[in-house]
Structures are given as C-alpha cells and as structure tokens.
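One structure is given below, encoded as structure tokens.
Whatever order the structure lists ligands and atoms in, that order sets their numbers, starting from 1. Just the heavy atoms: all of them, side chains too, but no hydrogens, waters or symmetry mates, feed the values below.
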Amino acid sequence: MSPRVLDALKRRLGGGSGDPTPGADGPWRPPLVPLKLKTIDEAFALPAVESVADLGGVWAVEAGYSFHALENHAPERAVLVDDDITAGVRERAAAFPQFQLLEQNFGLERTPADVGPIGVVLLFDVLLHQVNPDWDEILRRYAQHAQAFAIVNPMWSPADLPHGTGDTVRLLDLGEERYRQAVPPQDNIDGLFDRLDEVNPKRGRPWRDVHDVWQWGITDADLRAKLDELGFVVAFAEQHGRWRGLADFEDCAYVFHRA
Ligand SMILES: C[S@@+](CC[C@H](N)C(=O)[O-])C[C@H]1O[C@@H](n2cnc3c(N)ncnc32)[C@H](O)[C@@H]1O
C-alpha cells in the first residue's frame, strides 16, 4: 500500500476516528498486508504463543491485525495498545470479551506491566517511530514479558552503500534534504525541521520525539543483534524487496522467540 493510498484510507476513516464504511456484505474493513498476516500465523505456530499484544495497531487498519489473530487463532487473551483508539475499533472489539484496549503510549514505563505476560508482541510499522524510549529500549522492556516478537518494519538499507553495510541512523540527523529523500511524503514533514524543539500539543513532547513522523533507520543486523542480546532467536524471517518503492528501506518481517 502506498503512503498516498494510506492517506486516502485514513481520510475515508474520518481521520482515523470514524467507523468503517458499511459495504454490501457487511462492514467495510481496511485492507491488510498479507506479509503481516503471515507473520502473525507464523508466531501462533509456536507452542508458547497463546496470547497477543498489538502495539500501535490502529492507524489506517483499525486493529485489523488484532482481529485477524482473534478470529483465526482464538488467543486466550489479546491486548491492543495505541495512543489513538477509534470508535470503530471499540465497537468491533465488544464482540471479543478476551480483548483488552489500552489507549496509552506503549513506551511508558508502566505499559509492559499493564499488558502483562504475553505470548507474542506485534510490532508492525511502529519500531521505526519510537524515540524516548528508543526502539531498542522498547524491545528490552517487552522482552521481560513476552515469549515472542512478531516484527514487520521498513529496515534501513541505504541505496548508496553496499547491501548490509549501513549503520542504524536517527533519520532526523540526516538533515531535511536527505530525510525527505529517504522517507515517504507526509503532510507533517512540511515545516518539521523548523519546529523540532516546539512541543507537539497532542503528544506533549517536542516534535523531534513524536511517533507521528519517521524517526529511525534500523538495520537488519542491529535488530537481530538486539533480539539476540535479549535472549531471542529467529523463528521466521522474510525480506520482500524495497519497501513501497523507497530506495533506502527494505520490507522485512520476523518472528523471534525466547531461546
Ligand atoms: C504507522 S501506524 C501502524 C499501524 C499498524 N500497526 C499497521 O501495521 O498498519 C502506527 C500506529 O501506532 C501508534 N503508535 C506509534 N507509536 C506509539 C506509541 N509509542 N504508543 C502508542 N501508540 C503508538 C499510532 O497511533 C498508530 O496507530
């Protein structure tokens, strides 16, 4: 799905706060990415995975990956954590008594304990947005509670370097020109570099630290090294070429489980 299609979806969902559009065969559902569905299915194939926490599962997909897990894997418990939970998600979630919704930042110190012991933590297109705490600290905090991680993320693989040789970068440090070249076009990039130290009123933190913009280029090697350090091994990994046509990111999916 291109960023433009995602924006169109978001508009169709009323800026992320409306109900799904009804269709002829029932409520309209946002399209889901097959690689993400496959990654969930791979995680639930692991014996220790009987519950799921979907961190940042709402924008443009209306918790579709949580509902896929609920409808196809009958987890004993499911938790969705997102800063912006919509009315449509709440309405659909009401049919699943084992599904808990937490409308809060999943990077807060207390949130992993609020989620509790969990089979698999889904991190789909969210790790690259995490600052203060950074993506690797998020992994460390949830590793204490999780049996597995399912991660789908655009991974940093800069086009101007031999494959596999780049370092993880804070994208804003690249400067505005290179930043714009690397990441998808988004309305909130206009003027971003002029207001990095201004507080974003919705998030209560400077713009340079909000999860609404692309923050990190994380390399495949650094992600694997972090999970290895935390005591997790790879159960599944696929790489699907350039992420939505971007020259510097690859479309990668992983399941890691506790060794
Ligand atoms: C790019 S969307 C990804 C949505 C979905 N996981 C997917 O794969 O399509 C990011 C979502 O994560 C949420 N989010 C990102 N960082 C967050 C954080 N630290 N705490 C709570 N929600 C967060 C945003 O509100 C948004 O709903």
Original post:
Does Asp228 pair with Arg224 as a salt bridge, N-O distance under 4.0 Å?
Top reply: no
Subject >> Beyond-backbone contact of Asp125 with Trp243, side-chain heavy atoms, under 4.5 angstrom >> reply: yes
Subject >> Check: Trp59 N/O within less than 3.5 Å of ligand 1 N/O >> reply: yes
Original post:
Out of Pro30, Pro133, Gly56, whose heavy atom sits nearest atom 4 (C) of ligand 1?
Top reply: Gly56
**OP:** Please work out whether any backbone atom (N, CA, C, O) or any side-chain heavy atom from C-beta onward of Gln130 is under 4.0 Å from ligand 1, and answer side chain, backbone, both or neither.
**Re:** side chain
Original post:
Would you say Leu55 and ligand 1 have an N/O pair spaced under 3.5 Å apart?
Top reply: no
**OP:** Run the numbers for me: atoms of ligand 1, each under 4.0 Å from some heavy atom of Val126, listed by number.
**Re:** 10 (C), 12 (O)
Subject >> Passing option when Trp216 is tested against Leu172, Asn153, Leu127, Asp134 for side chain to side chain contact (heavy atoms under 4.5 Å, CB included) >> reply: Asp134
**OP:** Give a yes-or-no answer on whether the side chains of Gln104 and Asp114 include a donor-acceptor pair shorter than 3.5 Å.
**Re:** yes
Original post:
Salt bridge between Lys38 and Glu42, side-chain N to carboxylate O under 4.0 Å?
Top reply: no
Original post:
Polar-atom distance check: His129 versus ligand 1, any N or O pair below 3.5 Å?
Top reply: no
**OP:** Determine yes or no for a side-chain-to-main-chain donor-acceptor pair under 3.5 angstrom, with Arg258 supplying the side chain and Ala143 the backbone.
**Re:** yes
Original post:
By number and element, which atoms of ligand 1 are closer than 4.0 Å to a non-hydrogen atom of Asp84?
Top reply: 25 (O)
Original post:
If you measure every N/O of Phe106 against every N/O of ligand 1, is any gap under 3.5 Å?
Top reply: yes
Original post:
Heavy-atom contacts under 4.0 Å between Asn105 and ligand 1: side chain, backbone, both, or neither?
Top reply: both
**OP:** Could you list the atoms of ligand 1 found under 4.0 angstrom from a heavy atom of Phe124?
**Re:** 3 (C), 5 (C), 6 (N), 7 (C), 8 (O)
Original post:
Between Leu123, Leu102, Asp82, Asp83, which one has a non-hydrogen atom sitting closest to atom 25 (O) of ligand 1?
Top reply: Asp82
Original post:
Against heavy atoms of Lys36, which atoms of ligand 1 measure under 4.0 Å?
Top reply: 7 (C), 8 (O), 9 (O)
**OP:** Please determine if Asp190 and Arg195 form a salt bridge, counting it only when a charged side-chain N lies under 4.0 Å from a carboxylate O.
**Re:** no
**OP:** Using a strict cut-off of less than 4.0 Å between a Lys/Arg side-chain nitrogen and an Asp/Glu carboxylate oxygen, indicate whether Asp209 and Arg203 qualify as a salt bridge.
**Re:** no
